[in-house]
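Below: the structure, in structure tokens.
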Number of protein chains: 2
Amino acid sequence: MDFSSFLTSLSTSFVIFVVLMVLFARLSSRPGNKVIYYPNRLLKGMDPFEGGNYASRNLFAWISEAFSSSERDVIAMSGVDTAVYFVFLSTVLGILVLSGIVLLPVLLPVAATAKTPTTSSNTTSNGTFSDLDKLSMGNVAEKNSRLWAFLIATYWVSIVAYYLLWKAYKHVSALRATALMSPEVRAEQFAVLVRDIPPAPVGQPIKEQVDSYFKSIYPDTFYRSMIVTNNKEVNKIYEELELCKKRLVRAETIFAASKTTAKPEGTRPTNKTGFLGLVGEKVDSIEYYSGKIRELTPKLEAEQKATLRDKQQAAAVVFFTSRVTAGAAAQSLHATMLDTWNVMDAPEPCQIIWTNLTIKFFQRQTRQYIIYIIVALTIFFYMIPITFVSAFTTLENLKKYLPFLKPIVNIAAIRTVLEAYLPQIALIVFLALLPKLLLFLSKLEGIPSQSHIERAASGKYFYFTVLNVFIGVTIGGTLFATFKDIEKHPNTLITKLASSLPGNATFFLTYVALKFFVGYGLELSRIVPLIIFHLKRKYICKTEAEVKEAWYPGDLGYATRVPGDMLIVTITLCYSVIAPLIIPFGVVYFGLGWLILRNQALKVYVPSYESYGRMWPHMHLRILAALVLYQLTMFAYIGAKKFVYAPFLVPLIIMSLIFSYVCNKKFYRFFCCPALEVAAHELKETPHMERIFRTYVPPSLCSGKVEDDQFEDALSHVSRAGSFA
Amino acid sequence: MDFSSFLTSLSTSFVIFVVLMVLFARLSSRPGNKVIYYPNRLLKGMDPFEGGNYASRNLFAWISEAFSSSERDVIAMSGVDTAVYFVFLSTVLGILVLSGIVLLPVLLPVAATAKTPTTSSNTTSNGTFSDLDKLSMGNVAEKNSRLWAFLIATYWVSIVAYYLLWKAYKHVSALRATALMSPEVRAEQFAVLVRDIPPAPVGQPIKEQVDSYFKSIYPDTFYRSMIVTNNKEVNKIYEELELCKKRLVRAETIFAASKTTAKPEGTRPTNKTGFLGLVGEKVDSIEYYSGKIRELTPKLEAEQKATLRDKQQAAAVVFFTSRVTAGAAAQSLHATMLDTWNVMDAPEPCQIIWTNLTIKFFQRQTRQYIIYIIVALTIFFYMIPITFVSAFTTLENLKKYLPFLKPIVNIAAIRTVLEAYLPQIALIVFLALLPKLLLFLSKLEGIPSQSHIERAASGKYFYFTVLNVFIGVTIGGTLFATFKDIEKHPNTLITKLASSLPGNATFFLTYVALKFFVGYGLELSRIVPLIIFHLKRKYICKTEAEVKEAWYPGDLGYATRVPGDMLIVTITLCYSVIAPLIIPFGVVYFGLGWLILRNQALKVYVPSYESYGRMWPHMHLRILAALVLYQLTMFAYIGAKKFVYAPFLVPLIIMSLIFSYVCNKKFYRFFCCPALEVAAHELKETPHMERIFRTYVPPSLCSGKVEDDQFEDALSHVSRAGSFA
């Protein structure tokens, strides 16, 4: 890639960005689009924007709104998790800005005025890309004393990172504490999850066993328990019933709509009863769904009762009347064996993965390790399934298994394109599926909460991107080109790899620029959701509920967003000293990201759960991992320059490990379990325990006509007086 | 060592053993010696033995008494820790017996009938020690299919070990649970240690800060707190006072004794006031010590008050009125940062290391790692300090620094002996000092309880003995002899080491035999304490208290006893298949040990603390470490025999690691912190909180004339009503 093509790529991205920004300014001021650009505010019952007048708004009003918003606004609109994500963005931004202030004015002149090294092997970039190359470390000769500047720069970046990370961890700790000590009653602070309940003695229901167990340990603060049931059947019926209700409303809406026109009696909508509504008998929709609802409602009630009575499983949610007791119980060993009566703090009801609660202790452990092995294999050998899929998706196979494609495939032009792109398409499909796969695998581990699953998947994805994208791109070519050499002298591997670093800097410059111009442009303008929404509203949605479903915004999606940012952190850090020009790009990425996501957090996305900043330790650890990778890279690269003082970087690596250890020891435990000091803060009101309990009952079990009494009977086999003690 | 010298050594040891046994039988039946042979029973206010008639006792009555004693007796007489030590002994005994039953009848014929290997390099034992060698695995030729028997034997021993260890861990867990759920009130179950108390706000005493902190978290169950004070000064005065009191009693006893004789007015004892009572003015003892006591008592009182008021430190013992709350508090995070308000379960008052309580969190961590490094260096380079000491203790240096030795050293005979033995003496002194050094180092780590320090020292000593004695002896010679070879081909190291194994078997046979015959003979007969006691009583002791001090027996001494046994476990396991003849020796060691220590535990030793079996996980882990070492040895040795199926042992090693992981996960946590289920058991009586609190006040602070009121005032700055809530 030469200099002009670099500029072309950059300016193209920039043009796309400008176009998207203009689109955003135009589209977001239209009242009809407010559900796309302000759904979070609308759902919270607020005006889309304070003024209320769409037309008179300044095109850049959103920028000043984003800047003027405080952390408290973010927490109020989008929760602690989002605020923590902004701490992450601003910490990285701070590291890059502070590094850039020193590194750019110092290192660029040092590199530019250095003589071109006598051995030309270090300028590995192809073509005549000399202008940018001159500004990188590749321009400094071996053993040159100018390398001191780069070595000290490595220290500077690291120390800035330690300082800001330490401050950020303290700040996030305080954010979490403030949220947890809030006087608002939050159901999850009064509950614990109990797993691995041992088999009850014969004749004793699990419910009674759990109640008497916890009542004996917490005679004063135990409220009641809720045994986890196998809800597979009841959920099926419940979903069917809900679907029928939705369809009935839809049919009624269509019928009503048809009435208002010339035909006053209207057209009664019809549907087919068979597969996907495509085949089968044609029936009157309103009658059909009303009938089905009448039929399903008693079935659901019967199934609810049967589930509560007979399908109790070896897990429970236990409620306490005090936050402190719940907090202490979540951290304490209850039985002498860890694989019975395992207690942990309860996540919010909406994010509990009920089916994972009943997995036994050692099965969870085993699953975890198996998943780790699978993920490690996926990371290291991810080319293998792609190759396999590519091999399968050859044209011959396509023709064989999907014969209806034959006429198309036989057209020469299409044939050529397909033959060229099929493997790439397989790669793209695989990469697009990867986050889903990782989420799926993390769920299989037996983790009981959605937020934890997303953290686990995000961690896995981070290692995948760093290993495959960053290291893969950097060293891939070098590795294969010089494979013979390395086999003979394994020690030269690091040298070889290190010497190929500066040549790849431009690739990553372009990559980062593309990411922020196009990525954040699309993010802000929300073109795709906008188009989908308008299409859906026009052709599919009939009822209010369906329209709302079409624009409902979803959450920030940490599982993919964080690893994506982490990749940029890794790239920018690793190249910060080698090619300091990358720092401004990193600054723009995180600065623009902060600005645009601030807008999105305040106005668009609705968090689907609240984990009170538990994501932070993961982010922190991964920034540190990137920092260590950076230090190792610098050690290898300065070593490859045959600079005898390269070992001066070893203390830095040890310092990073100690820093990580200290942070982990000091702060991490509070992110795993509630601190009692925090839980002991006073509440605004006496908690309404019955309401807290209700929030944990799955909707499929408490909906319908199941009376409270029946519910009570089914749930509580222990004497009524007892369970209200 | 040839066969006859092996037999000579064995029979010499046996003769010593028989002599010691006869001595024991004679000496223990004398009434005057009962304080040496039955101190534990005497201190518990029991008859030395049920019959009461010393003379009519059978010589071997102690054996039947030891056999007929139950585990409950051991717990009653010597505590849970001792009972757990017997579980350890009987588990190892079980492993060895079950292994021996299969291995001896199978492997000995297999080895004996094998042809002598063509390559004679494997029978490395010097001399003509062929008889025993024929019974070992060294007699089997390379690649011989008979090696299958040895491979399967390795599996058998391991599976027996897994089974018995699993059973033992369950049993010890149950023992611990039973002890902790006992209805007796034990002070330590109501208290927690609080460390790393953050600096109090200006003007607020630490006491008030701690009280209000815990009262806000545990409003119902908090009883009161006791701030740790810097007791250095007060302890000094207290000890001086106690010494004076003792001396006064002694002087009065001497005076009274002198009166009964011909001189009715008696001789008033005198002493010198200077250094060690050797120099200075001669004074009347009774008057002098009475005067000193009169002078010290108000000084102590003043110092007690000053200490309680002004020397409060950032650590405390906090008392709760409920075992469950104390148990939960000990496991819970209190502040958001782990390095403030760190809470852990309290050890017994007698074993708290007060000075370690005030060490800060990260200093503890740092100390720990520094100590680990020091210990690792000691283990690997323990010859260096010895060489250094040897070099220093040359005759020339001795003459230089200790000139009074000159005339002795100049005698030719003594000179020769000294020159020959000085390095060995240095080695022996160093080895004798090692346990003390390890205890000292472990204490420096900042561990707050004596039992934990002993566990930590015991672990360090284990690694020392296994690495230096076992591996050192086995491979030392080989390593240096073939150092050149190994440098060229590092892969042959294991082969070389493995092939030298069978030759060393006889050395260890003798070692084990010596250990049990002489070691346990001395243990049972208690010759050394007996002689010391009689000497002291005759020449030093005057008062009752002094006599009691002279015979007070001390405890089992886990810090050195357990690693000693562990070394035998390691040796016996590692040689069990290579030279199965070692198994009977191991069986005798642990059988005899069980029997003799049962006697000692029931009648002699008085435990100095109770940790409710916390030693067990350490024992378990080290038995497993020995097992893995054994499996690795077998893998290397069978590999050295060029047996292609040697990799069949790899699954076994993995199995050991999984077994260790599962045990650790399932059982270990209960040994770290109390299980609430256990703590929730009902008590016999309402705990007398004031008495519990008193047991934790150091004697130097609560003795003397400090009234309860004053104490109260000094300790409690918070309103009185509050602290009794």
Side-chain angles (χ1 to χ4, degrees), chain A residues 169-170 172-178 180-181 213-221 322-325 327-343 361-362 364-366 369 658 661-682, chain B residues 169-170 172-178 180-181 213-221 322-325 327-343 361-362 364-366 369 658 661-682:
Chain A
Y169 219 141
K170 271 199 159 164
V172 172
S173 253
L175 278 184
R176 179 173 162 85
T178 314
L180 287 179
M181 66 173 71
Y213 187 84
F214 282 95
K215 202 191 287 296
S216 75
I217 298 178
Y218 306 99
D220 303 323
T221 47
S322 138
R323 289 205 287 199
V324 173
T325 313
Q331 303 175 56
S332 296
L333 180 72
H334 282 74
T336 57
M337 312 284 163
L338 196 63
D339 59 348
T340 50
W341 297 106
N342 206 324
V343 177
F361 183 76
F362 281 110
R364 297 201 295 270
Q365 301 282 326
T366 317
Y369 286 105
I658 292 176
Y661 176 82
V662 169
C663 284
N664 192 44
K665 272 277 170 186
K666 186 178 169 82
F667 300 108
Y668 184 56
R669 210 176 142 201
F670 177 48
F671 286 82
C672 292
C673 44
L676 299 187
E677 172 190 290
V678 165
H681 274 255
E682 271 189 28
Chain B
Y169 219 141
K170 271 198 159 163
V172 172
S173 251
L175 277 184
R176 180 173 161 84
T178 313
L180 288 178
M181 66 172 71
Y213 187 83
F214 282 95
K215 204 191 284 297
S216 77
I217 298 178
Y218 305 99
D220 303 322
T221 48
S322 136
R323 291 204 287 200
V324 172
T325 314
Q331 303 175 55
S332 295
L333 180 72
H334 281 76
T336 58
M337 311 284 163
L338 196 63
D339 58 349
T340 50
W341 298 106
N342 206 323
V343 177
F361 182 77
F362 280 112
R364 296 201 296 271
Q365 302 281 326
T366 318
Y369 285 105
I658 292 175
Y661 176 83
V662 169
C663 283
N664 192 44
K665 273 276 171 188
K666 185 178 170 80
F667 300 108
Y668 184 56
R669 212 178 141 197
F670 177 48
F671 286 82
C672 293
C673 44
L676 300 187
E677 172 191 288
V678 165
H681 274 254
E682 269 188 30

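Throughout, protein chains are lettered first and strands after them, A, B, ... in sequence-line order, and every chain is numbered starting at 1. A quick note: this is a predicted structure, and the numbers were derived from the prediction, not measured. Atom set for the values below is all heavy atoms of this structure, side chains included, hydrogens, waters and symmetry mates excluded.
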Please flag which part of [X] lies under 4.5 Å from any non-hydrogen atom of chain B: side chain, backbone, both or neither.
X: A:Tyr213; result: side chain
X: A:Tyr369; result: side chain
X: A:Gln365; result: side chain
X: A:Tyr668; result: neither

Top of [options] for chain A proximity - count of heavy-atom pairs under 4.5 angstrom:
options: B:Lys170, B:Arg323, B:Gln331, B:Arg176; answer: B:Gln331
options: B:Ala335, B:Ser173, B:Ala177, B:Ser216; answer: B:Ala335
options: B:Val678, B:Leu338, B:Thr336; answer: B:Thr336

Would you mind telling me which of [options] has the largest number of heavy-atom pairs within less than 4.5 Å of chain B?
options: A:Asp339, A:Leu180, A:Ile217; answer: A:Ile217
options: A:Leu333, A:Val324, A:Val662; answer: A:Leu333
options: A:Cys673, A:Ala680, A:Ser332; answer: A:Ser332

(message) Using 0.5 Å steps for rounding, measure from the CD atom of B:Glu677 to the CH2 atom of A:Trp341.
(response) 8.0 Å
(message) Just checking A:Tyr661 against B:Phe362, ring centres under 6.0 Å apart?
(response) no
(message) Please classify the contact of B:Phe671 with chain A as side chain, backbone, both or neither, using a heavy-atom distance under 4.5 Å.
(response) neither
(message) Could you tell me if the side chain of A:Phe667 sits less than 4.5 Å from the side chain of B:Met337, heavy atoms only?
(response) yes
